[in-house]
Amino acid sequence: MPTSYADSAAAGGNVAASGGSRSSYVPPHLRNRPSSTVPQVSASYGASVSGDERFGRGAPSGDGVYFGGPRNDYNQPAYGGGGGRGGWNNRSGGWDRGREREVNPFSDDAEPVFDEQENTVINFDAYEDIPVETSGDNVPPPVNTFAEIDLGEALNLNIRRCKYVKPTPVQRYTIPISLSGRDLMACAQTGSGKTAAFCFPIISGIMRGQGVQRPPRMPRMAFPLALILSPTRELSCQIHEEARKFAYQTGVRVVVAYGGAPVNQQLRELERGVDILVATPGRLVDLLERARVSLQMIRYLALDEADRMLDMGFEPQIRKIVQQMDMPPPGIRQTMLFSATFPKEIQRLASDFLSCYIFLAVGRVGSSTDLIVQRVEFVQETDKRSHLMDLLHAQIANGVQGKQALTLVFVETKKGADSLEYWLCMNGFPATAIHGDRTQQEREQALRSFKSGHTPILVATDVAARGLDIPHVAHVVNFDLPNDIDDYVHRIGRTGRAGKTGLATAFFNENNASMAKALSELMQESNQEVPAWLSRFSSRQSYGGKNRRGGSRFGSRDFRRESFDRGADFYGAGNAGGDYGGYGAADSGYSGGAYSAGVTSAWD
DNA sequence: AAAAAAG
């Protein structure tokens, strides 16, 4: 091997080490703060937060357990006080009235095991070239600051608590669109502030109480006003955690429902009232069939990882929920679809759920992978384990392990995950596994153990491929390559976060021939060195199954445009293609913001 | 063929 793996792994520890003028990735909640005021995570704090609490289960329901606790360092006037609720929160029946106190969702942010040393130098010059495409009729112009939008006092306070100072590009564009009531199909990567992009307008809209209409009085039936669906339980948990922060003390109540967890607890939460329901499809269908949830009051529908939600496995359930229960039709409800990738056949499907929607793409070619060093190694099936062991040993030798860097190993099957986990443990590597055959408790425990660094190796199936925000993943190993290039992109996007370059290693052999072409194209687009043998594989490959959409890596273009701009390269060199009709002026004036262009990790 | 999502 020309360059040793270990070199890359070592370089992966630090952006500066990889040279170049790339700015460090700044997590959304730390953006735009002078670095001296970036809060350091205190090691003592957080130890008392039970793991369960982080996942929204077994949360202490006591009165303000965390109020006045070690982490109440916001220095916000009116924080926790009675102020700030006037005018905006006139909805009757704020759920947190009276004796019951809303648990402070900002108290469980810390990850005490790690040193949060991500020093946050933002390269403001670098991100101005983030291309943005919008299409559709009468697209509302983007905003540059949160102040330009009247989201409401309580929500603004939470935005400050989250340390958001300026909206990210995707938020700039999507918030005015959704506040104006339009349906939306948005291509934007997780970590780019996508969750906030759909949560803010939903929370704000609910606070305003637009379309005030009391739900029918039905005992034990919940009438959420907004529904957020995601493809995995852990992702739903994550969205719930984030939405709780945004909704804190707004009077807007967020509840999560997903399978594998005791349904009774979720039912109790629902009975206490729900404005925003975050759910996975299976459990929601269950709740609908038990008549414990009605969708007739739904005003907002958001699908996260929408392309996954509408693919073969999920589509029937989604259709049932959206079209065959009591949800108001498109045009009455507002629908927002988000994903990093949006193949046009899925776009076509998705348009069934939308009404006169706006298409938005934020990102640029290769942005998903610029900071990730991608390596592909030819490894026969029988050699994979020993090869993995070599990589892990090299990692330890280079101190990466000592620095609590995490390694995420993707395999194809659940059985394969179990046996690899077992084998790693037998060989002295602290590993755990997450996949769909494990109990939900085991899954959440595995994720916690991995995140905390207690078990710095996680063997995973695709259940962990999308959406999950796991800081400190330094290395993603595609022990088995996926069969879909989009899955590859999602998987490697778990690394490279928090200002570090990531490393992604793939084991390739004859069984992956169908991936050769897409893989080498993707690597080329992200300026990776493509091994000669892989190029030979890809030229040998006749016509790959699923391939690059119109030659553009990131995202997609609006499929409704296909007829008239065939051949034009979206985001192509020279850009001519970057502005589509009617929006050029606004786009070229686009500047400022909390993003550095090289925010690979954040943009998966 | 596999994974995810209800129990």
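Lettering follows sequence order; numbering is per chain, from 1.
A straight line from CG of A:D311 to P of B:dA1 spans 17 Å, rounded to a whole angstrom. When the P atom of B:dA4 is taken as reference, atom CZ of A:R438 falls 12 Å away, rounded to whole Å. Note: CZ (A:R466) to P (B:dA2) measures 20 Å, nearest angstrom. When the P atom of B:dA2 is taken as reference, atom CZ of A:F479 falls 17 Å away, rounded to whole Å. A:D486 has its CG atom 19 Å from the P atom of B:dA3, to the nearest Å. At whole-Å resolution of the value, CG in A:D286 and P in B:dA4 are 19 Å apart. Rounded to a whole Å, the CZ atom of A:R491 is 15 Å from the P atom of B:dA2. The distance from atom CG of A:D437 to atom C1' of B:dA4 is 11 Å, rounded to the nearest whole Å.
Among the atoms of the strands shown, only primed sugar atoms or phosphate atoms (P, OP1, OP2) are found under 4.0 Å from some heavy atom of A:R443. Using a 4.0 Å heavy-atom cutoff across all strands shown, A:G259 reaches sugar-phosphate atoms only and no base atom. Residue contacts for A:R233: at a heavy-atom cut-off of 4.0 Å it reaches the sugar-phosphate backbone alone, with no base atom in range.
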Show the numbers, then the answer: is there a side-chain hydrogen bond (donor to acceptor under 3.5 Å, both in side chains) between A:E381 and A:N509? CA-CA 7 Å; A:E381 292 297 330; A:N509 61 41; 3.0 Å; yes

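Applying the ring pair (Phe, Tyr, Trp, His ring centres under 6.0 Å) test to A:Y357 and every residue at least two apart in sequence or in another chain returns nothing. The side chain to side chain donor-acceptor pair (under 3.5 Å) check on A:Q334 picks up nothing, with sequence neighbours excluded.
For the pair A:R319 and A:D352, the salt-bridge criterion is met [side-chain N within less than 4.0 Å of a carboxylate O].
Residue A:T413 places its side chain closer to B:dA2 than to any other of B:dA1, B:dA5, B:dA2. Closest to the side chain of A:Q317, out of B:dA3, B:dA5, B:dA2, is B:dA5.
Taking side-chain N and O atoms only, A:K414 has a distance below 4.0 Å to OP1 or OP2 of B:dA4. In this structure, A:T461 reaches the B:dA4 phosphate: one of its side-chain N or O atoms is under 4.0 Å from OP1 or OP2.
Under the 6.0 Å distance and 45° angle rule, A:K384 counts as a cation-pi partner of A:F479.
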